[in-house]
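Chain naming here is simple, since letters A, B, ... match the order of the sequence lines and numbering starts at 1 in each.
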Number of protein chains: 2
Amino acid sequence: MTDLNNFFKSAFTVDNVIFGFDEADLKVLLIKRGEEPYKDTWALPGYFVYPNENLDEAAGRVLEELTGLQNVFLEQVKTFGAVNRHPFGRVITVAYFSLVKINAYNVQAASIASDAEWHSVSDVKDLPFDHMEILKACFNRLKWSIRTRPVGFELLPPKFTLTELQHLYEAILETPLEKRNFRKKILSMNLLIDLEESQEGVAHRPARLYQFDPEKYRQFLSEGFIFELKETKKRDNRRKLQEV
Amino acid sequence: MTDLNNFFKSAFTVDNVIFGFDEADLKVLLIKRGEEPYKDTWALPGYFVYPNENLDEAAGRVLEELTGLQNVFLEQVKTFGAVNRHPFGRVITVAYFSLVKINAYNVQAASIASDAEWHSVSDVKDLPFDHMEILKACFNRLKWSIRTRPVGFELLPPKFTLTELQHLYEAILETPLEKRNFRKKILSMNLLIDLEESQEGVAHRPARLYQFDPEKYRQFLSEGFIFELKETKKRDNRRKLQEV
DNA sequence: GAGAATTAGTGTAAAAAATACACATTTAAA
DNA sequence: TTTAAATGTGTATTTTTTACACTAATTCTC
């Protein structure tokens, strides 16, 4: 144990599941791999962790090289290290997901990728390595995170309508929500600023614009409140026979 | 990218936060390190991941070498890889926690440890490396897990009383619970078998013994129910002034 | 500029869940 | 037989969740 060099060492990477939200659909940014193995296949972006780099930094770098974006929401999800997950040797990867405002995204030709493209999460069926498993783990974590912390706003433009917010929740949770109850719940947390502005350029009654207020959220937390959108729980609909 | 050998490789370990529950206290199994760095200091058990070993297997091996136990509940929590977390070089570690029935535990002299001992989690204040941070992350995950999945039973003997179960929840959640409501909630989930036996050898009214039924839990899940013990949420006690 | 189309925005009653709370019961020990 | 100790139970109140349908505001079309 005294000399680390005597020990087995593994190649060490991060993979980053980059989520975006475009009107009605949750998207994930995939790259077309430029090199073997799986050349020309759509895959999750990822790269080696450099010796002088923390894990979060590596994940942030992968994202920045691909999109040009900095200071983006990033969360570590799980580490995948099955012995045979990479055909060329032992490669252990830490999976992250990040949330980007899809409009702020700029395609850049990253060295590793010959191409990058948004795909609807629900359409992604085949990915190389164990990337399907990684995507699922990150998607599940996102489902969880959006119910317990105000992270949904990371996927929306700074000004948004409550309907847009609801559509985002519906896309991530993969379930329809009831409009009045959703609005009541969200507004009752008092985390949004009503901008007293309206949408423009829509062919119907324009909606009010809101903004998430991180300062109000800090306050909310310091007062001991908990952000929570309940998981839709199946009810027990069994009823006793009624007497007539 | 084609030749993994050209890339930086890191030493790669697992650390395992082994929890046990002893009557009233949540405990963690620490080892006294037998080697530098931090020789003779209490620390979390951990070891290198072998080339032919998956991560879960490595964590299970660490546990088995230390306690002799197999098939124990194990959950991956988070990977820690700060550049300078280990003084001898870059060491990235995947943190797991496991839940053991403290009575089933057998001390074994593990090669890495000169000693192993249960410590009350609340008493552990100093640990080497970033082990305090790892312990906290695992403890927080356990708090979460015990509220959302029936994992508490892993820490209790197969037959237990509802009072023991409540004490376990209180120890992990670090908050007192109301007896009647706790029992009502737990029993209403219908996951326990009432063994129609009683405690023996206690100097007061003996309590009924129960057993967790994994088969009932599978049923419960397949019917779409969700295991959930609500987080105690701070209430808003502000009241409007009353008219007299 | 009248009417149609479209989406925004709102309130309330009913059901379910969570909470607060106190005493009788059972056993072993003295 | 009494005492000590922990078990086990029921109900009323409050809070939260759910279900549900119409009016309002705007643009577009004719």
Problem - Any Lys185(B) side-chain N or O less than 4.0 Å from OP1/OP2 of dA18(C) - result: yes

Handout entry: Under-4.0 Å side-chain N/O to phosphate OP1/OP2 contact, Arg180(B) with dC21(C)
Key = no

Counting heavy atoms from C-beta on, name the nucleotide in [options] closest to the side chain of [X].
X: Arg183(B); options: dT9(D), dA5(D), dT10(C); value: dT9(D)
X: Glu178(A); options: dA8(C), dT18(D), dC20(D); value: dC20(D)
X: Arg205(B); options: dT7(D), dA8(C), dT12(C); value: dT7(D)
X: His204(A); options: dT6(C), dT27(D), dG8(D); value: dT6(C)

Problem - NZ or CZ of Lys143(A) within 45° of Phe139(A) ring axis and under 6.0 Å - result: yes

When the distance from [atom1] of [X] to [atom2] of [N] is rounded to whole Å, what number comes out?
X: Gln199(B); N: dA5(D); atom1: CD; atom2: P; answer: 16 Å
X: Lys179(A); N: dT6(C); atom1: NZ; atom2: C1'; answer: 11 Å
X: Leu209(A); N: dG9(C); atom1: CG; atom2: P; answer: 9 Å
X: Asp194(B); N: dT7(D); atom1: CG; atom2: P; answer: 15 Å
X: Glu196(B); N: dG8(D); atom1: CD; atom2: P; answer: 13 Å
X: Glu228(A); N: dT16(D); atom1: CD; atom2: P; answer: 11 Å
X: Lys184(B); N: dA17(C); atom1: NZ; atom2: C1'; answer: 10 Å
X: Ile186(B); N: dA18(C); atom1: CD1; atom2: P; answer: 12 Å

Exercise for the section: Classify the nucleic acid contact of Thr161(A) as base, sugar-phosphate or nothing, counting any heavy atom under 4.0 Å across all strands shown. Expected result: nothing

Handout entry: Interatomic spacing from CG in Asn181(B) to CD in Gln166(B) - rounded to 0.5 Å
Key = 10.0 Å

Handout entry: Any donor-acceptor N or O pair under 3.5 Å, side chains Glu215(B), Gln219(B)
Key = no

Problem - Toward the 5' end of DNA chain C, by each residue's nearest nucleotide, Leu187(A) or Ala203(A) - result: Ala203(A)

Fill in the blank from the handout: Result for 5'-nearest mapping on DNA chain D, choosing between Asn181(A) and Ser198(A), is Asn181(A)

Problem - Test side chain to side chain contact (heavy atoms under 4.5 Å, CB included) applied to Leu142(B) and Trp144(B), step by step - result: CA-CA 5 Å; Leu142(B) 173 58; Trp144(B) 161 243; over 6 Å; no

Practice task
Keeping the roles fixed (side chain from His119(B), backbone from Val124(B)), state whether a donor-acceptor pair exists under 3.5 Å.
Solution key: no

